[in-house]
Amino acid sequence: MGNQSSTCCDIMLFGALGNLATRKLLPAFYHLERAGLLHPQTRILLLAREPMAAEPARQRFAELINSRVMPAEQDEACLAKLMARIAYSPLDFAAAEGYRALAGWRGESTERPLVLYLATPPSVYGVIADQLGRTGICGPSARVVVEKPVGHDFASSCEINDRLAAVFEERQVFRMDHYLGKETVQNLIALRFANNLFASQWNQDHISHVEITVAESVGIEGRWGYFDQAGQMRDMVQSHLLQLLCLIAMDPPADLSADSIRDEKVKVLRALKPIAGDVPNDQLVMGQYTAGSVAGQPVPGYLEEAGANPQSLTETFVSIKAEILNWRWAGVPFYLRTGKRLPEKVSQIIIHFKPAPHYIFDPDQRHLAGNRLIIRLQPDEGMALQILTKEQGLDQGFRLRQGPLELTFAEAFDQTRVPDAYERLLWEVIQGNQYLFVRRDEVEYAWRWVDQILAAVARRAEPPKRYAAGTWGPVASVAMVARDGRSWHEDN
Ligand code: BG6
């Protein structure tokens with residue numbers, strides 16, 4: 001991102017005191033400043049409900065930013081420079097009066113792009129869009145950024161998207177999925193479409209199955225109210241996991257333009273086989289964690305977390321056997337798995353290649369046959385290609401040995417710091433590039449697929465299966481892949 005000069009713009013951040021803004025966005029502004037990626041005249045207006053005068057607000061935000069930046073990265077001059085562009089204004093999102101002040105702040109500078117970042121709960125996207133529409137500040141140069149989840153289901157996402165569309169054209173709407181801002185996720189595009197070696201193997205002739213795991217060791221982190229309404233399916237599968245699935249499964253785009261990439265992703269979403277009807281356990285497992293221990297520390301169960309409703313049936317774990325009904329992927333299962341309070345934080349994709357058609361080595365090593373490409377999205381970003389070689393030594397005959405061709409990004413690239421996804425995505429919004437953002441039809445097709453699963457689960461009326469915190473989810477998730485004669489990567 002450093003080779004381009006930054007666009008001069010005005011930025012309004014709604015929800016500036018919320019979790020997302022304080023944890024991710026304010027530090028991201030700091031790092032963009034530090035990297036020299038904010039144009040000297042770019043201005044930032046922070047907006048939240050709380051009444052605060054200019055000076056105490058400035059003080060508070062400076063402290064918030066400092067508390068989120070690693071000591072080694074703290075730089076007083078940089079913070080002062082950032083704070084000099086920042087102003088604060090209290091705003092009741094629903095009340096028209098406050099919005100007039102926004103037009104006043106924007107002033108006559110209507111030529112420069114205006115970035116409207118809604119770091120608020122999705123339930124107020126509609127009302128903010130309506131109010132913004134009345135202010136007259138949302139001209140053709142305006143861009144609105146909304147976070148996932150856009151809505152709670154297909155119907156509510158349509159309602160939000162309609163209200164956004166009443167004020168903004170689709171080219172002005174930037175729907176965030178922060179996984180698309182991760183360097184390693186973008187690398188999937190390079191891996192697939194810059195390496196003909198893989199391109200020719202990337203189909204049902206050569207790949208037997210794909211695993212996508214997004215595991216977290218954290219629990220709910222004080223977000224019980226939000227999370228219990230969403231559950232892991234809406235919070236993670238509808239967005240992050242389906243985006244990863246699309247990047248792995250999509251056909252090559254004609255170019256790197258936003259619409260070429262998004263057209264191909266939509267084709268994948270449309271081809272997902274519905275998981276409806278009675279949903280047997282060999283296609284879908286939902287779990288909820290009970291008390292256990294993670295990294296040697298005892299942790300409470302989901303129903304014992306602060307603020308919990310002890311009757312909740314919300315899932316904190318999902319594994320799904322997904323299928324894509326098209327020529328490229330017919331018969332290739334995509335096993336998706338995500339959960340809270342699993343043993344470690346790890347996001348990885350494993351591509352299992354089919355074994356050679358005729359096996360000539362020791363029969364007792366037949367299980368080794370087949371190459372695997374392991375793509376580590378986080379942590380320890382990199383990839384490994386598991387290949388088979390011969391054991392060294394005179395006495396080894398033709399014993400096979402499985403070993404990795406390894407690429408660890410931290411070692412391969414002389415880069416001390418990997419930018420956070422939000423830095424990349426904020427930068428792309430400022431520059432007006434939409435390719436890392438989710439188009440309306442993508443969100444809607446993803447919701448349709450998830451909605452029919454959730455409807456089937458509701459009909460099934462079974463509580464989620466329990467799993468102890470610190471384990472890899474319910475036993476049924478292991479059984480789901482074992483039924484196909486397979487195992488999850490960490491069980492190998
Ligand atoms: C968010 C979810 O979108 O992603 C959280 O709402 C989740 O529940 C988080 O913890 C995980 O993101 P990351 O970048 O830490 O893998």
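All ligand and atom numbering here is 1-based and tracks the order in the structure. Computed over heavy atoms, backbone and side chain alike; hydrogens, waters and symmetry mates excluded.
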Looking only at protein heavy atoms, what sits closest to atom 9 (C) of ligand 1 is Glu216 OE1, 4.0 Å

Ser347 side, atom OG; Lys182 side, atom NZ - distance, nearest 0.5 Å
6.5 Å

May I ask you to decide whether Glu264 forms a salt bridge with Lys267, counting only side-chain N to carboxylate O separations under 4.0 Å?
yes

With rounding to the nearest 0.5 Å, note down the distance linking CD in Glu170 to CZ in Arg175.
4.0 Å

From Arg262 CZ over to Gln434 CD, what is the distance, rounded to the nearest 0.5 angstrom?
4.5 Å

Can you find an N or O of Arg223 that's nearer than 3.5 Å to an N or O of ligand 1?
yes

Which of the atoms of ligand 1 are close to His240, meaning less than 4.0 Å from one of its heavy atoms?
1 (C), 3 (O), 4 (O)

Under 4.0 Å from one or more heavy atoms of Lys182, ligand 1 contributes atoms 13 (P), 14 (O), 16 (O)

Is it true that Lys24 and Asp420 make a salt bridge, defined as a side-chain N closer than 4.0 Å to a carboxylate O?
yes

Enumerate the atoms of ligand 1 whose separation from the nearest heavy atom of Asp235 is less than 4.0 angstrom.
2 (C), 5 (C), 6 (O), 8 (O)

With heavy atoms of Lys340 as the reference, note each atom of ligand 1 found under 4.0 Å away.
5 (C), 7 (C), 8 (O), 10 (O)

Ranked by distance from atom 12 (O) of ligand 1, the top protein heavy atom is His178 NE2, 3.1 Å

Closest non-hydrogen protein atom to atom 13 (P) of ligand 1, residue and atom name please, with distance?
Lys345 NZ, 3.4 Å

With a cutoff of 4.0 Å, is Glu221 in contact with ligand 1, counting heavy atoms of the residue only?
no

N-O pairing of Glu444 and Arg448 below 4.0 Å:
no

Name all residues meeting the side-chain contact (heavy atoms from CB on, under 4.5 Å) criterion together with Ala215; count only those two or more places apart in sequence or in a different chain, and write none if there are none.
Thr213, Leu342, Val346, Trp472

Would Tyr179 count as a contact of ligand 1 if the rule is a heavy atom under 4.0 Å away?
yes

